[in-house]
Amino acid sequence: MNVLITGGAGFIGSHVVRLFVEKYPDYNIYNLDALTYAGNLENLKDIEGFPNYTFIKGDINDSGFINQLFQDYQFDAVIHLAAESHVDRSISDPLAFVKTNIIGTVNLLNAAKETWADNLENKLFYHISTDEVYGTLGEGLFKETTAYDPNSPYSASKASSDHFVRAYGETYGLPHIITNCSNNYGQNQFPEKLIPLFINNIINNKSLPVYGDGNYTRDWLYVKDHALAIDLVFHKGEHGETYNIGGFNEWKNIDLVKVLCAQMDKKLSRPVGTSEELITYVKDRPGHDLRYAIDASKINTELGWKPSVTFEEGLEITIDWYLKNEKWLNNVTSGEYKNYYKKQYS
Ligand code: NAD
Ligand code: TYD
């Protein structure tokens, strides 16, 4: 089987690529990534030489290139993770999100539709999405049947791409699955998202900018558990279905930040309370969603998935990884490293 994984040099994608390359030696895994600021081949250095792994540098916005790629490699399946993924960036530059998340996805759908036109059997377009498409929650949990109600340019672009995937299923019979997952954390996450940003800032004694009053709630899932869920859905999920994936693990931002601060004090042998002193309440994010929480009972009862690590375990693994990989942190934030890899692959 030839499997195209897009966005494989990014945070979640790198864990999915590694899992598939190591677990399925008889699959050919093609990792297509534009290596934007968020994509780093350092994340996959350990599997670079594997015979079933190929990296392809390319942009999903380039339809001619994408069509040719499908012709050349005759992919049987696509796991689509490439995206602009950060809400704050979507507020300052919505068009970049429209381009990659919507047009880029439609480019892939068109290429899959054309290439598979004569034989849709054993083909799959698996689209990775977010719980943010459902908007903000008061009471209750997001279910697969919850109406889409996106509030940020990021979630609006992801919602649109989800609709296109489903529409290609209805209109052209394209075999597809969509999963909507909660907030991920873990190794290789670019230090602009809450957890890695705050770890990096604590290491460097910089302030911890908590948006608004900090009483916003997110449901956190360890990234390797998301990768395992993707593996399961890819192989066992029913075509045409949607599955919600979540950690059964809701935290108010401020409570999570305080737990993180306490753990960082311990790890860095700093006096209790040192990191908490760095907390600074700052201006709120515009359109900030109050609460996300996933009902993951469908994937649990139908496919038997549940998270394998507790939040405490996952957070400790994550902190230890960032403390051990300060060079990675410095590289991805310095820009030099990215230029190096860009030169290698351009
Ligand atoms: P990321 O920003 O870490 O990685 C995105 C990757 O896509 C990068 O490697 C980047 O180089 C690549 N990319 C961006 N634009 C591209 C383009 N035009 N062509 C080719 N490659 C391009 O993102 P992530 O956090 O790993 O998220 C991966 C997917 O999972 C996204 O679709 C995101 O919406 C979804 N998701 C993320 C989370 C989360 O908490 N991070 C939760 C649920 C769903
Ligand atoms: P983030 O990691 O950006 O993920 P998302 O917006 O996709 O949920 O943010 C998680 C939560 O943390 C969200 O409520 C916004 C908040 N936040 C801060 O308070 N300060 C920050 O510097 C960042 C990046 C996020």
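Just so you know, ligand 1 is whichever comes first in the structure, and atom 1 is the first atom listed for that ligand.
- Of the candidates S182, S161, S85, it is S182 that places a heavy atom closest to atom 42 (C) of ligand 1.
- Residue E192 has at least one heavy-atom neighbour below 4.0 Å for each of these atoms of ligand 2: 24 (C).
- Heavy-atom separations between G104 and ligand 1 are all 4.0 Å or longer.
- Taking every heavy atom of H288 and a limit of under 4.0 angstrom, the matching atoms of ligand 2 come to 13 (C), 14 (O), 15 (C).
- Within the structure, every pair that satisfies the side chain to side chain donor-acceptor pair (under 3.5 Å) test and touches residues 136-152, not counting sequence neighbours, is listed here: K143-D295, Y148-D162, N151-D289, S152-S155.
- Residue V87 touches ligand 2 through its side chain alone, judged by heavy-atom distances below 4.0 Å.
- Of the heavy atoms in F198, only side-chain atoms (C-beta onward) come closer than 4.0 Å to ligand 2.
- Contact annotation: for T100 versus ligand 1, heavy atoms closer than 4.0 Å belong to the side chain alone.
- Selection from I195, L35, N184 by nearest heavy atom to atom 40 (O) of ligand 1 gives N184.
- Taking 4.5 Å as the limit, every side-chain heavy atom of L232 sits out of range of all side-chain heavy atoms of Y243.
- Remark: side-chain polar atoms of N253 are not paired, donor with acceptor, to backbone N or O of V210 under 3.5 angstrom.
- At a 4.0 Å heavy-atom cut-off, ligand 1 does not touch F65 at all.
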